[in-house]
Trainee: 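This structure is in structure tokens; I'll ask about it shortly.
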Amino acid sequence: MAPELVEEMSRPREQIRVLPALEKADKGVVMRFAPNPSGPLHLGHARAAVLNDAYVQRYGGRYVLRIEDTDPKRVDPHAYDMVREDIEWLGLAISDVVYQSDRFDLYYQYGRELIERGGAYVCTCENEQFRAMKLARKECPCRGRNIEDDLEMFEKMREGEYSEGEATLRVRTDLEHPDPAMRDYPAFRILKSPPHPRMDACLYPLMNFSVAVDDHLLGITHVIRGKDHIANTRRQRYIFDYFGWEPPEYRHYGRMGIEGVVLSTSQMRAGIAAGEYQGWDDIRLGTLRAMARRGIAPEAVKEAVLDIGIGETDISFSWENLFARNKALVDPIANRYFFVPDPVRVKVEGAQEQVAHALLHPAHPEKGTRDLLFQGEILLPREDLEKGSGMIRCKDLFNIEISGEGEELSACFAGESLADARAKKAPIIQWLPAKSAIPCTLVTPDGNRAGMCEHGVAREKGSVVQFERVGFARIDAVNPEGIIAYFTHR
RNA sequence: GGUCCCAUCGUCUAGCGGUCAGGACGCUGGCCUCUCACGCCGGAAACCAGGGUUCGAUUCCCUGUGGGACCA
């Protein structure tokens, strides 16, 4: 048989997509993940983080985490820790960590050099005034100043002699550029407040400047980022050109949304402040910590992101895709338990006291059983009882015959035979011993479901279990009042 | 308003001039099963529109439409 045919046949059904090759990557790569510490990481960050990580793994090299905290307005002091935790959760193979707030002296130094090379000038025009000239493709008066004066003014900017907005260092680009957004964009600005949590400064580099300088200094060879940065890539090119540096290879993937979720950090923050969300890990949010709390495995996020890839198409990502990946990971290992939502207490007449031995996992008998003691009274889901009278198979126990309705409902023993239940097409449903069941709240994005569960669930704190016929859930807390479980997915 | 990207089943994705347009999720029919889970076997489901180029366009070009991004 032809070898490629053998390979074809032995290839697993569900393979992870192979990402397109990168240019000039044969000798290894240096890539980066560069988040703002403005909040915890969300799925949008995960895409950038995982994609870059995957390429570093593939080609070998270094993976730099660069904390981009050059804008004090967009720094949340708590975010440094959150970002670190989230990266740890994702399991990225970070090799270097750099804080931009440690590198301001470098930025000043290169800012001066850019002026010396004729690539930048200090502009003291009013914002409105400059904008008007820019749109008219006209030079502003500051553009013609000589280099010595610009250097001197830049120094004064650093020393705090200008007030906020009074002076800006602009990159000299091309006033004829068809895109006005490219014309003489700012590289440094004065900011007197808010204070930066990690340092003391009043002259701040803007993102395009610090990013270009750092990409070069850190030896970044390839950048995979969203296409919302295409304009920035073009702006940064001017800086590379002025310094005679070779820019990295860029790839810009499309915009990503997730159905029903806000991915904007500022909007999430506002929602939390307004009490709309419980916190950054509110399960209705698209943050990684929210996913972790619901019981989504980091590998599922990784796989989902790799499946999306680096396509330039704008997409609206569906939770279903992520859930499916997670289910494949979690189903083989999650222990099974009974959770009875909206329980109804039923006395079963005519049955012997006995113990039901239910497998913790149907595919792994060696994991053992949960032993449920039947003593006459059980709890059953209201929803299943409302379907009317008839035979019900209590899973792993025996059959019962339901008669009557509502408060008059009664049940009597109807044999042990599973075959009998099958023949009568009796539904097989979960149940609980009334005595040993404990309260359990299932938290879902649509609200809480009150119910009861097996006492054994108490030993599963922190792990994901499957509530049979209900779905997967992560056991979040085990309190004296009961168990809090977060619904993962069906 | 200016500039720039993008367009394949409901969703994600493969495709790089000639394919029965492939796969995954979801949906659905059946089998298996002491869960409505898992597994197995089937099914429905897509090339945004109109012009070119070409013997031949999902694929190349133009226009429109529809999404999106950046600057303001």
Side-chain angles (χ1 to χ4, degrees), chain A residues 8 11-20 47 127-128 130-137 173 177-186 207-208 225-235 251-260 300 303-340 356-359 361-364 369 381 383-384 392-399 416-422 426-431 465-473 488-490:
Chain A
E8 174 78 25
R11 188 183 297 162
R13 274 286 162 78
E14 211 171 314
Q15 51 185 321
I16 301 292
R17 209 162 86 73
V18 178
L19 294 170
R47 163 126 93 144
N127 230 308
E128 285 301 319
F130 181 85
R131 186 187 310 157
M133 282 185 290
K134 177 170 80 174
L135 289 174
R137 305 175 185 228
T173 65
H177 195 111
D179 185 354
M182 291 300 130
R183 300 174 198 156
D184 287 17
Y185 68 86
M207 175 261 191
N208 283 303
R225 50 172 14 172
K227 67 184 185 182
D228 41 318
H229 285 293
I230 288 179
N232 290 326
T233 300
R234 293 201 185 104
R235 280 189 273 254
R251 289 279 198 136
H252 297 97
Y253 54 75
R255 210 42 180 143
M256 177 176 67
I258 322 178
E259 57 172 1
E303 286 178 13
V305 162
L306 288 173
D307 184 50
I308 290 168
I310 60 172
E312 293 178 81
T313 312
D314 299 326
I315 61 166
S316 168
F317 187 69
S318 166
W319 287 104
E320 293 300 334
N321 290 296
L322 178 61
F323 290 164
R325 289 233 119 89
N326 194 62
K327 192 196 266 186
L329 293 166
V330 112
D331 183 79
I333 54 173
N335 285 333
R336 273 80 230 266
Y337 290 96
F338 290 153
F339 166 76
V340 174
H357 304 283
L359 288 172
H361 192 111
H364 301 287
T369 58
E383 201 186 347
D384 289 295
I392 282 177
R393 170 75 180 182
C394 293
K395 187 166 184 287
D396 303 307
L397 187 65
F398 48 56
N399 310 328
E416 306 264 356
S417 166
L418 175 63
D420 195 25
R422 281 255 168 74
I428 299 170
I429 69 172
Q430 79 277 32
W431 58 280
V465 302
Q466 189 201 48
F467 287 142
E468 297 193 62
R469 303 210 314 140
V470 174
F472 293 89
T488 312
H489 47 65
R490 283 202 57 84

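Residue numbers begin at 1 in each chain, while the letters A, B, ... track the order of the sequences. Worth saying up front: this structure is predicted, and the values here are computed from it rather than measured.
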Trainee: Using Watson-Crick or G-U wobble geometry with both distances below 3.5 Å, tell me the partner of B:A14, or none.
Mentor: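 Its partner: none found.
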Trainee: For B:G42, give its Watson-Crick or G-U wobble partner with both distances under 3.5 Å, or none.
Mentor: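 With both distances under 3.5 Å, B:G42 matches B:U28.
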Trainee: Count the heavy atoms belonging to other residues, nucleotides or ligands that lie under 6.0 Å from CD of A:E383, then report whether that count exceeds 12.
Mentor: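 Atom CD in A:E383 is not crowded, with 12 or fewer foreign heavy atoms closer than 6.0 Å.
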Trainee: If the sugar-phosphate is the primed atoms plus P, OP1 and OP2 and the base is the rest, what is the B/S/- string for nucleotides 60-65 of chain B, using protein heavy atoms under 4.0 Å?
Mentor: ------
Trainee: Can you tell if the side chain of A:M207 reaches within under 4.5 Å of the side chain of A:H229, non-hydrogen atoms only?
Mentor: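 They are in side-chain contact.
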Trainee: If we take the P atom in both B:A24 and B:C40, what is their distance in whole Å?
Mentor: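 Roughly 10 Å separates the two P atoms.
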Trainee: On RNA chain B, does the nearest nucleotide to A:A181 precede the nearest nucleotide to A:E416 from the 5' side, or the other way round? Give the residue.
Mentor: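 On the 5' side of the pair lies A:E416.
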Trainee: With rounding to the nearest 0.5 Å, note down the distance linking CZ in A:F338 to CD in A:Q466.
Mentor: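 If I round to the nearest 0.5 Å, the distance is 10.5 Å.
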Trainee: How many Å lie between CG on A:D184 and C1' on B:C71, as a whole number?
Mentor: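 Those two atoms, CG and C1', are 14 Å apart.
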Trainee: Hey, which of these two, A:L397 or A:L135, hits RNA chain B nearer its 5' end, going by closest nucleotide?
Mentor: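 Closest to the 5' end, via its nearest nucleotide, is A:L397.
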Trainee: Rounded to the nearest angstrom, tell me the gap between atom CZ in A:R137 and atom C1' in B:U3.
Mentor: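 Going from A:R137 (CZ) to B:U3 (C1'), I get 11 Å.
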Trainee: Do A:D184 and A:F130 have side-chain heavy atoms sitting under 4.5 Å apart?
Mentor: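 Yes. Closest side-chain heavy atoms under 4.5 Å.
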Trainee: With respect to A:Q430, which candidate in A:R336, A:K395, A:E468, A:R469 satisfies the side chain to side chain donor-acceptor pair (under 3.5 Å) definition?
Mentor: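 Passing option: A:R469.
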Trainee: For B:A7, which nucleotide is its Watson-Crick or G-U wobble mate, given both distances must be under 3.5 Å?
Mentor: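 B:A7 is paired with B:U65.
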Trainee: Would you call A:R235 and A:M182 a side-chain contact if the rule is heavy atoms closer than 4.5 Å?
Mentor: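 When only atoms from C-beta onward are counted, A:M182 and A:R235 do touch, with a gap below 4.5 Å.
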Trainee: Provide the closest heavy-atom pair for A:I310 versus A:R251 in the form atom of the first, atom of the second, distance.
Mentor: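 That would be CD1-NH1, 3.5 Å.
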Trainee: Specify the closest pair of heavy atoms between A:S316 and A:E259, including all atoms of both residues, with the distance to one decimal.
Mentor: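 So the two residues come closest at OG-N, 4.2 Å.
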Trainee: Using atom P in both nucleotides, what's the gap between B:G15 and B:C9 to the nearest angstrom?
Mentor: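 Roughly 16 Å separates the two P atoms.
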Trainee: Find the partner of B:U33: check Watson-Crick (N1-N3 plus N6-O4 or O6-N4) and G-U wobble (N1-O2, O6-N3) distances, both under 3.5 Å, and reply none if neither fits.
Mentor: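 B:U33 is unpaired by these criteria.
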Trainee: What interatomic distance, in whole Å, is found between P of B:A44 and the corresponding atom of B:U54?
Mentor: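 My reading of the P atoms in B:U54 and B:A44 gives 38 Å.
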Trainee: Rounded to the nearest 0.5 Å, how far apart are NZ of A:K227 and OG1 of A:T233?
Mentor: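 OG1 of A:T233 is found 13.0 Å from NZ of A:K227.
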Trainee: Using atom NZ of A:K134 as one end and atom P of B:G2 as the other, report the distance to the nearest whole Å.
Mentor: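 Distance check: A:K134 NZ to B:G2 P gives 15 Å.
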Trainee: Starting from C1' on B:G67, measure out to CG on A:D228 and report it in whole angstrom.
Mentor: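 From A:D228 CG to B:G67 C1': 15 Å.
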Trainee: Does a side-chain N or O of A:R422 approach OP1 or OP2 of B:C34 to a distance below 4.0 Å, or not?
Mentor: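 True: A:R422 side-chain N/O within range (under 4.0 Å) of B:C34 OP1/OP2.
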Trainee: Starting from C1' on B:C71, measure out to CZ on A:R183 and report it in whole angstrom.
Mentor: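 Answer to the nearest Å: 10 Å.
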Trainee: What distance separates A:W431 CH2 from A:D396 CG, expressed to the nearest 0.5 Å?
Mentor: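 Those atoms lie 8.0 Å apart.
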Trainee: For the P atoms, the ones on B:G43 and on B:C6, what distance do you get once it is rounded to whole angstrom?
Mentor: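 B:G43 and B:C6 have their P atoms separated by 36 Å.
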Trainee: Applying a 4.0 Å non-hydrogen cut-off, can you work out what A:R235 is touching in the nucleic acid: base, sugar-phosphate, or nothing?
Mentor: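 Sugar-phosphate, no base atom in range.
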Trainee: Mind checking the C1' distance from B:C25 to B:C20? Whole angstroms is fine.
Mentor: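 Straight-line distance between the two C1' atoms is 23 Å.
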Trainee: May I have the distance from A:N335 (atom CG) to B:C38 (atom C1'), rounded to whole angstrom?
Mentor: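 So the CG-C1' distance, A:N335 to B:C38, works out to 15 Å.
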Trainee: State, to 0.1 Å, how close A:N399 and A:S417 come at their nearest heavy-atom pair, and which atoms those are.
Mentor: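 Nearest pair, atom of A:N399 first, then A:S417: ND2-O, 2.8 Å.
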Trainee: What contact category does A:P427 fall into here, base, sugar-phosphate, or nothing, at under 4.0 angstrom with non-hydrogen atoms?
Mentor: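 Contact class for A:P427: none.
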Trainee: Quick check: do A:P427 and A:D384 have side-chain heavy atoms less than 4.5 Å from each other?
Mentor: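 A:P427 vs A:D384: side chains apart.
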Trainee: Base, sugar-phosphate, or nothing for A:R255, non-hydrogen atoms under 4.0 angstrom?
Mentor: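 A:R255: backbone/sugar contact only, no base atoms under 4.0 Å.
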Trainee: Sticking with atom C1', work out how far B:A57 lies from B:G51, rounded to a whole angstrom.
Mentor: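 Approximately 14 Å lies between the C1' atom of B:A57 and that of B:G51.
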Trainee: Tell me which nucleotide among B:C34, B:C36, B:C71 gets nearest to the side chain of A:D384.
Mentor: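 Minimum distance to the A:D384 side chain belongs to B:C36.
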Trainee: Suppose you measure atom P in B:C5 against the same atom in B:C61; what distance do you get, rounded to whole Å?
Mentor: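 Per the computed distance, 12 Å lies between those P atoms.
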Trainee: Could you tell me how far B:U13 sits from B:U19 if I compare only their P atoms? Round to whole Å.
Mentor: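 Taking atom P in both B:U19 and B:U13, they lie 24 Å apart.
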Trainee: Output one letter per nucleotide in nucleotides 6-15 of chain B: B when a protein non-hydrogen atom lies under 4.0 Å from the base, S when only the sugar-phosphate is that close, - when neither is.
Mentor: SS---BSSS-
Trainee: Who does B:U59 pair with, Watson-Crick or G-U, both distances under 3.5 Å?
Mentor: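 The base-pairing partner of B:U59, which may sit in any strand shown, does not exist here.
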Trainee: Applying the Watson-Crick and G-U wobble criteria at under 3.5 Å, what pairs with B:A21? Answer none if nothing qualifies.
Mentor: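 When the pairing criteria are applied, nothing turns out to pair with B:A21, so the answer is none.
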Trainee: In whole Å, I'd like the distance from the CZ atom of A:F338 to the P atom of B:C34.
Mentor: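 The distance from CZ of A:F338 to P of B:C34 comes to 13 Å, rounded to the nearest Å.
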Trainee: Taking the side chain of A:R234 as heavy atoms from C-beta outward, which of B:U3, B:C36, B:C4 is closest to it?
Mentor: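 In terms of side-chain proximity for A:R234, the closest of B:U3, B:C36, B:C4 is B:C4.
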Trainee: Only pairs with both distances under 3.5 Å count, Watson-Crick or wobble alike; so what is the partner of B:C70 in this structure?
Mentor: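 With both distances under 3.5 Å, B:C70 matches B:G2.
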Trainee: How many whole angstroms separate atom CE of A:M133 from atom P of B:C71?
Mentor: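 So the two atoms are 20 Å apart, to the nearest Å.
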